[in-house]
Amino acid sequence: MSIDRADLVVVGAGTVGGWASYFAKRAGAGRVVVLEQGLAGQGASSRAAGVVRAQGGRPATVALGRWSIDFYRGQAAEIGTDSGFRELGYLILAVTEEDERAGRARVEMQQREGLAVRWLDAAEASNLIPTLSADGHRGGSFIETDGCIDPPRNVRAYSLAMQAAGVELRERTAFTGLRTAPQPGGGTRVVGVETSAGPIATERVILTGGPSLRAVGRLAGLRIPAGAVRHTVAILEPSPAFGVERMPMVFDIGGGLYWRLEEGGLLFGWSDPDELPGEARSINWPAVDAARARLDALVPAARGLGLRKIWAATIDYTPDHLPIVGPAITPSGEPIGGVTIASAGGHGMMWGPGVARVAADLSLTGGTELVDVTDLGLDRFDQDGRSRLAADPIALPFPVNAWDDEVASAPR
């Protein structure tokens, strides 16, 4: 009986796993197999809001965002299709004095990293974005080149790219564990994966999974501090105020609320750090009312408009709101050779292609030139899942403990 073999097995066919398999194949990997327990892009990748920005809170996230935007821009020429990137511009709003202080310091860092970002005062921000209230904020940081993609189109794009590159996608095939072997010089290395359809021999594995990454890690004998939490997105009915070709997106960073143009109306989304983490599919209507009240205060043109669409999705997060990309490390601190962890930490559209490229680089060569990943590995977390790094300051207000949902109730 012949043994199924692959040069690389990628677990998860979401944004990170899909693009990682494509990048690895294009970089010379032989047989690349992607395992997906459901259907490609069926999870958070097709339910996101699609916001993409280079305005990161740390040099590493600036680099990931900028690389991802450049990739989105060049997709049509490279793969013959695209993820629907639209350049809209992005204002990260300051409401409080502390928001402004932190925002201006952040702009200085981003400018050192080469971003053409600038600070706008309240009057300049309101003049730039006519639907933004003239009061109730202190302006914010702005760059013209941030924008958004279309999440379902992104799933289509990486699915077509995988197919054209010769990646083998195995849907409805669950990853169930790793096969490892001791090495002559000490330590262990992966030699295969277990799946619901039988084993695959391989010496390279990339573990992704978005909100399910911690469960994937558990099957591999790892403790990965990646949590899951409800994220809600809604679209207001069309209005002449929003029926324009281009208007900058806005992120009310203190309120965890963002909005952008969509279908002649306004798309807005939010996360609530006080919610119990865990899988969530239902709508929290009191939270909708609170988000609408804040949106109406900052965007008067939104007042009185009905909801055209609304959905809740489960998205992933990490305790420090930063990506995880690096070698697999067991709870006892031992690395597993050949296994790479890749998580965009709830920013799959924003950092996904960059994280995927880094993961492919690390898996094939052990290094990457895209970003310094020294601090982005599992080794930054202690046994309680606490990170030694300060949280990325530009993120939705995710919970700070990735283990909370282990005691959560059934899916909500």
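Computed from a predicted model, the values in this text were never measured in an experiment.
Using modelled atom types and a 3.5 Å distance limit, the side chains of Q163 and Y158 yield no donor-acceptor pair. Between the side chains of T232 and N284, no donor-acceptor pair of N or O atoms lies under 3.5 Å. Looking at T340 and R204, their side chains never bring a donor and an acceptor atom within 3.5 Å of each other. With hydrogens and angles left out, the side-chain atoms of Q55 and S141 include a donor and acceptor closer than 3.5 Å. With no hydrogens or angles considered, no side-chain donor-acceptor pair links T81 and Q75 at under 3.5 Å.
Between I336 and T330, the closest side-chain pair of non-hydrogen atoms falls below 4.5 Å. With a 4.5 Å cut-off on side-chain heavy atoms, F85 and C148 do not count as touching. Put simply, the side chain of V107 reaches to within 4.5 Å of the side chain of W119, judged on heavy atoms. Counting only heavy atoms from C-beta outward, the side chains of V339 and P327 never approach each other to under 4.5 Å. Counting heavy atoms from C-beta outward, W67 and V355 have side chains that stay 4.5 Å or more apart. In this structure, the side chains of L219 and L178 stay at 4.5 Å or more apart for every pair of heavy atoms. Inter-residue side-chain proximity for I394 and I92 is flagged as met; some heavy-atom pair is nearer than 4.5 Å. L132 is listed as a side-chain neighbour of W259, based on a closest heavy-atom distance under 4.5 Å.
E262 and K309 are not joined by a salt bridge, as no carboxylate oxygen comes within less than 4.0 angstrom of a charged side-chain nitrogen. Between D99 and R138 there is no salt bridge, since no side-chain nitrogen of the basic residue lies less than 4.0 Å from a carboxylate oxygen of the acidic one. Under a 4.0 Å N-O distance rule, the pair R101/E97 does not qualify as a salt bridge. Taking the charged nitrogens against the carboxylate oxygens, R380 and D320 do have a contact shorter than 4.0 Å, which makes a salt bridge. Salt-bridge check for E36 with R170: failed, with every basic side-chain N at 4.0 Å or more from each acidic carboxylate O. A salt bridge links R118 to E144: at least one charged side-chain nitrogen sits closer than 4.0 Å to a carboxylate oxygen. Electrostatic pairing of R66 and E113 does not count as a salt bridge here, judged by no charged N lying under 4.0 Å from a carboxylate O. The pair R86-D150 does not meet the salt-bridge criterion, since no charged nitrogen lies less than 4.0 angstrom from a carboxylate oxygen.
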- Do R230 and S282 pass the side chain to side chain donor-acceptor pair (under 3.5 Å) test, and can you show the C-alpha distance, the side-chain angles, and the key distance before you say yes or no? CA-CA 9 Å; R230 182 190 346 245; S282 62; 3.2 Å; yes

- Query: Under the salt bridge (Lys or Arg N to Asp or Glu O under 4.0 Å) criterion, do D375 and R388 qualify, and how do the steps go?
  - Reply: CA-CA 9 Å; D375 291 330; R388 68 169 181 265; 3.3 Å; yes

- Task: Step by step, work out the salt bridge (Lys or Arg N to Asp or Glu O under 4.0 Å) result for R104 and E100.
- Result: CA-CA 6 Å; R104 288 183 178 276; E100 181 176 358; 3.0 Å; yes

- Item | Verdict with reasoning, T15 to N154, per side chain to side chain donor-acceptor pair (under 3.5 Å) | CA-CA 8 Å; T15 295; N154 179 59; 3.2 Å; yes

- Message: side chain to side chain contact (heavy atoms under 4.5 Å, CB included), that's the test. Do L267 and V233 meet it? Break it down for me.
- Response: CA-CA 7 Å; L267 177 150; V233 183; 3.8 Å; yes

- Task: Check the pair V10 / V16 against side chain to side chain contact (heavy atoms under 4.5 Å, CB included), numbers first and verdict last.
- Result: CA-CA 10 Å; V10 178; V16 174; over 6 Å; no

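Separation of atoms CZ (R357) and OH (Y22) is listed at 10.0 Å; rounding is to 0.5 Å. D361 CG to F23 CZ: the interatomic distance, rounded to the nearest 0.5 Å, is 9.0 Å. Interatomic distance, CZ of R58 versus CG of L64, reported as 11.5 Å (0.5 Å rounding). Note that the CE atom of M249 and the CD1 atom of I129 stand 10.0 Å from one another [nearest 0.5 Å]. Here the CG-CG distance, from L378 to L222, works out to 7.0 Å after rounding to the nearest 0.5 Å. Atom CG of D252 and atom CZ of F268 lie 13.0 Å apart (nearest 0.5 Å).
Residue R26 qualifies as open at atom CZ: its count of foreign heavy atoms under 6.0 Å is 12 or below. Heavy-atom neighbours of Q183 CD from other residues, nucleotides or ligands within 6.0 Å: above the threshold of 12. Within 6.0 Å of CZ in R73 there are more than 12 heavy atoms belonging to other residues, nucleotides or ligands. No more than 12 heavy atoms of other residues, nucleotides or ligands shown are found within 6.0 angstrom of CD on E369.
Each of L389, D392, I324, L213 was checked for a side-chain contact (heavy atoms from CB on, under 4.5 Å) with T318, and the lone residue meeting it is I324. Applying the side-chain contact (heavy atoms from CB on, under 4.5 Å) test between R53 and each of D146, T61, V62 identifies D146 as the sole match.
For the pair K25 (side chain) and G30 (backbone), a donor-acceptor distance under 3.5 Å is present. A donor-acceptor pair is defined here as one N or O able to donate and one able to accept, closer than 3.5 Å; no such pair exists between the side chain of R106 and the backbone of P393. Using modelled atom types, no side-chain atom of S363 and backbone atom of A359 make a donor-acceptor pair closer than 3.5 Å. At least one donor-acceptor pair under 3.5 Å links the side chain of R214 to the backbone N or O of A226. Formation of a donor-acceptor pair under 3.5 Å by the D384 side chain with backbone atoms of R386 is not found in this model. Between the side chain of T314 and the backbone N or O of V229, no donor-acceptor pair lies under 3.5 Å. Side chain of E237 to main chain of G306: a donor-acceptor pair is present (N/O by atom type, distance under 3.5 Å, no hydrogens or angles). The backbone N or O of S133 sits less than 3.5 Å from a side-chain atom of S126, completing a donor-acceptor pair. The main-chain N or O of V167 is never found under 3.5 Å from a side-chain atom of S21 such that the two would form a donor-acceptor pair. Panel note: side chain R303, backbone D296; a donor-acceptor pair is recorded below 3.5 Å.
Closest heavy-atom contact between W270 and Y258: N-CE2, 4.1 Å. Contact detail for A125 and G139: the closest heavy-atom pair is CB-CA, 4.2 Å. Between R47 and A313, the shortest heavy-atom distance links the atoms CB-CB, 3.7 Å. For A301 against L305, the heavy-atom pair with the smallest separation is O-CD1, 3.5 Å. Minimum interatomic distance between A63 and V371 (heavy atoms only, all atoms of both residues): CB-CG2, 4.1 Å. Considering all non-hydrogen atoms of both residues, I224 and G217 come closest at CD1-CA, 3.7 Å.
For F71 and W19, the distance between ring centers is under 6.0 angstrom. Aromatic rings from H137 and F251 are positioned such that their centres are separated by 6.0 Å or more.
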Tell me which donor-acceptor pairs under 3.5 Å the side chains of residues 342-349 have, and how far apart each pair is, sequence neighbours excluded?
unit_1	atom_1	unit_2	atom_2	d
S343	OG	G345	N	3.1
H347	ND1	G345	O	3.0

